[in-house]
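Notes for the one structure printed next.
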Amino acid sequence: MKEKKSVKFNLQQQHQNGHLSPFKFAKLFDQEASWDKDQLGDVLHWIRQVVALVCGLLWGVIPLVGGIWIIAFLLISSGIIYGYYAMILKVDEEEFGGHGALLQEGLFVSIMLFLLAWTLVYSLVHF
Amino acid sequence: MAASALFPNLKYSDGLTVVGISVCTALVCEAISWVLIYRTTSYKSLKSSIDKASKKLETMKTDSSINKPKAKAKKMDRVETSLKESSRDLSLFKFKSGAVVAIVLFVVFGLLNFLFEGKAVAKLPFVPVRIVQKMSHRGLQGDDPTDCSMAFLYFLCSISIRTNLQKFLGFSPPRGAAGAGLFPMPDPKTN
């Protein structure tokens, strides 16, 4: 049976400290860590941005040309996000609003960043 | 332009100029927003109440210890109403102060338009759909749909750079506020 983690909201901790606890990078791969909805959303957002930047640079340098590579990027990016929260962190997606909510974190911005990086690198390197 | 002088061998070095100006504009806009909006006590208290209301709502949704569904629903309605009111107040507050940022963006876009009108600043590695071509091929000569106009490149820069900058600086609207949705744009009230 797949282990599911429940969300623990840090309301009490916030009230005690007056601010959110500092984010620790070790938490990124800690299956036992408890996740605040905002923290997980932010992590997924930044992972998408990094993937967008890397893909944009790679696609531009090779170069990969054609609209099909936008679809490829979407599949790769979403696959990485899904793999991260479902298989590495093993969070219960229902506690965070379902797969849709988690997969759409930072999606649109990452598409724009990917297009920007891809276009810029392609234009500068190959012309 | 500046990038053309620095990189004379690059055909599309103007794209770098557009990106550079976008980065600077994003920093200036966030600085203005910080002065007019983010450092004010009104903004901080509104943001705090939205954060608290959203978290309270989430806790109530997942809390199964409350046995009276009617009382729970009533309480949730109250919290939701409070959340909507705070979100509306926040939007209104930022709208009033966002006019200055809007003027800066208008001026910058006008300047870029003046500098790069009719000139392809980049080459798209894909053929955009017809509706996107209206922006990506705006003002350009010829029929090559992969020629990229300043307007489209600036649009990509605005969304990607400014949204991520806002997120990095912690100026993004709270998730509980209305309008977060599938396509979170750079905070529109500071545009």
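Quick note on labels: first sequence line is chain A, next is B, and so on, each numbered from 1. Heavy-atom basis, side chains included; hydrogens, waters and symmetry copies ignored.
Between atom CG of residue B:Leu156 and atom CZ of residue A:Phe114 there is a gap of 11.0 Å, rounded to the nearest 0.5 Å. For the atom pair CZ (A:Phe108) and CD1 (B:Ile159), the distance works out to 5.5 Å, reported to the nearest 0.5 Å. Of the inter-residue distances, the one linking A:Met112 atom CE with B:Cys157 atom SG reads 11.5 Å to the nearest 0.5 angstrom. Note that CG of B:Asn164 is 13.0 Å distant from CZ of A:Arg48, once rounded to the nearest 0.5 Å. To the nearest 0.5 Å, atom NZ of residue B:Lys11 and atom CG of residue A:Leu124 are 12.5 Å apart. To the nearest 0.5 angstrom, B:Asp51 atom CG is 6.5 Å from A:Asp38 atom CG.
You'll find the side chain of A:Leu115 stays beyond 4.5 Å of the side chain of B:Leu124, heavy atoms only.
Cluster membership check: A:Leu107 does not share its hydrophobic cluster with A:Leu113, using side-chain heavy-atom separations under 4.5 Å among Ile, Leu, Val, Met, Phe, Trp and Tyr. A chain of hydrophobic side-chain contacts below 4.5 Å, direct or via other Ile, Leu, Val, Met, Phe, Trp or Tyr residues, connects B:Phe171 to B:Leu36. In terms of hydrophobic clustering, with Ile, Leu, Val, Met, Phe, Trp and Tyr side chains grouped at heavy-atom distances under 4.5 Å, A:Val54 and A:Ile71 are assigned to different clusters. Clustering ILVMFWY residues whenever any of their side-chain heavy atoms sit less than 4.5 angstrom apart, transitively, puts A:Leu53 in a cluster other than the one holding A:Trp69. Linking Ile, Leu, Val, Met, Phe, Trp and Tyr residues whenever their side-chain heavy atoms come within less than 4.5 Å places A:Ile68 and B:Val129 in a single cluster.
Using the six-membered ring where Trp is involved, A:Trp118 and B:Phe126 have ring planes that are parallel, under 30° apart on the 30 and 60° scheme.
The shortest non-hydrogen separation linking A:Val65 to B:Pro125 is CG1-O, 3.2 Å. Smallest separation of non-hydrogen atoms from A:Leu116 and B:Ser160: CD2-OG, 3.5 Å.
Within a 6.0 Å sphere centred on CG of B:Asp77, other residues, nucleotides and ligands contribute more than 12 heavy atoms. By the 6.0 Å contact criterion, CG on A:Leu75 is enclosed, its count of non-hydrogen atoms from other residues, nucleotides or ligands being greater than 12.
Residue A:Trp46 touches chain B through its side chain alone, counting heavy-atom pairs closer than 4.5 Å. Contact of A:Phe127 with chain B is made through backbone and side chain together, with heavy-atom distances under 4.5 Å. Of the atoms belonging to A:Leu64, it is backbone heavy atoms, and not side-chain ones, that fall under 4.5 Å from chain B. Within the 4.5 angstrom heavy-atom criterion, only side-chain atoms of B:Val19, from C-beta onward, approach chain A.
A:Ser123 places a side-chain N or O within donor-acceptor distance of the main-chain N or O of B:Lys123, the cut-off being under 3.5 Å.
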